[in-house]
Amino acid sequence: MTDPIRDVQTVRAAYGPRAEEYIGALSSPEAMSLVDRATIEEWVHGIDGRLIDAGCGPGRWAAHLRDLGADIEGIDMMPACIDSARGRFPDVTFRLGESDALPVEPASLAGILAWYSVIHTSPEQLPAIIREFARCLARGGNLLLGFFEGQHVVPFDHVITTAYFWSVSEMTRLHEDDGFEVLGVRTRTDPGARPHAAISARLRV
């Protein structure tokens, strides 16, 4: 079994030297896929209550949802991302934290956005993060999780560090095992890019 602390340390060490490059590539509105934007905007519509962007990176999605009126804060384990997000989006709260131990009270959230923020998490450790999301959400709370889709759960060589493909069926099972009802799945494949998928789920009442 992999060590969750080592997982975090590996990802932090891999992104650290390339933090400025990563922030620059993902900070502007032009970097947002129109399909992704529609998916996230549709998800947030009608959610009433506090939201977390878990693994917010440079903060673009948290800021975008804040502009739409959402009560949201961003959490990320990379200090450089948090510093950049705070400087660029002063109206949004950003805090350091990790997705397997979010700094929030149990059952205190109406929604969690985890947009490609768990792609580097090993298959052995991802269930713990899904359980943490369930801990933080109120009953009936909503989760939207973006990931790379594949036929099987397998690693691949991401430009930063090892990431994982997940099949929709395996990701669905993972959510259902931890008390979520999967409401919908959206997939897309752009020319020359890896297949993408997003699962929308609700914590069972």
[Y] reachable from [X] in the ILVMFWY side-chain graph, under 4.5 Å edges:
X	Y	value
Leu96	Val104	no
Phe147	Ile112	yes
Ile47	Val182	no
Leu203	Leu174	yes
Val185	Val44	no

Work out which heavy atom in [X] is nearest to a heavy atom in [Y]; give both atom names and the distance.
X	Y	result
Gly57	Cys81	O-CB, 3.3 Å
Val168	Ala197	CG2-CB, 4.4 Å
Leu137	Asn142	CD2-O, 3.7 Å
Pro195	Phe165	CD-CE2, 4.5 Å
Ala54	Phe133	CB-CE2, 4.0 Å
Ala70	Leu51	CB-CD1, 3.8 Å

Straight-line distance of [X] [atom1] to [Y] [atom2], nearest 0.5 Å:
X	Y	atom1	atom2	result
His45	Ile40	NE2	CD1	16.0 Å
His175	Ile130	NE2	CD1	4.0 Å
Met77	Ile75	CE	CD1	13.5 Å
Ile52	Asp71	CD1	CG	9.0 Å
Glu181	Leu183	CD	CG	5.0 Å
Ser99	Ile129	OG	CD1	5.5 Å

With Leu65 as reference, evaluate Asp53, Leu113, Val92 under the side-chain contact (heavy atoms from CB on, under 4.5 Å) test and give the passing residue. Leu113
Any [X] side-chain heavy atom under 4.5 Å of [Y] side chain:
X	Y	result
Leu145	Ser200	no
Phe180	Arg204	no
Arg88	Ser84	yes
Arg186	Trp43	no
Tyr164	Val118	no
Pro127	Asp177	no
Trp166	His152	no
Arg95	Asp76	no

Electrostatic pair [X]-[Y], nearest N-O below 4.0 angstrom:
X	Y	result
Arg135	Glu132	yes
Asp36	Arg188	yes
Glu105	Arg50	no

Is the side chain of Thr39 donor-acceptor paired with the backbone N or O of Val35 at a distance under 3.5 Å, no angle test?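 Checked: pair present.
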Evaluate side-chain contact (heavy atoms from CB on, under 4.5 Å) for His64 paired with Arg37, printing each intermediate quantity in order. CA-CA 9 Å; His64 182 61; Arg37 184 185 299 187; 3.8 Å; yes
Should the pair Arg86 and Phe94 be classed as cation-pi, given the thresholds of under 6.0 Å to the six-membered ring centre and 45° from the axis?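 So Arg86 doesn't make the cation-pi contact.
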Glu176 and Arg173: CA distance, side-chain angles, deciding distance, salt bridge (Lys or Arg N to Asp or Glu O under 4.0 Å) verdict: CA-CA 5 Å; Glu176 291 176 343; Arg173 180 193 59 77; over 6 Å; no
What do the steps show when you test Glu41 against Leu68 for side-chain contact (heavy atoms from CB on, under 4.5 Å), and what is the final call? CA-CA 9 Å; Glu41 290 177 354; Leu68 295 178; 3.7 Å; yes
Strictly under 6.0 Å, is that where the ring centroids of His196 and Phe148 end up?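 Yes; Phe148 has its ring centre under 6.0 Å from that of His196.
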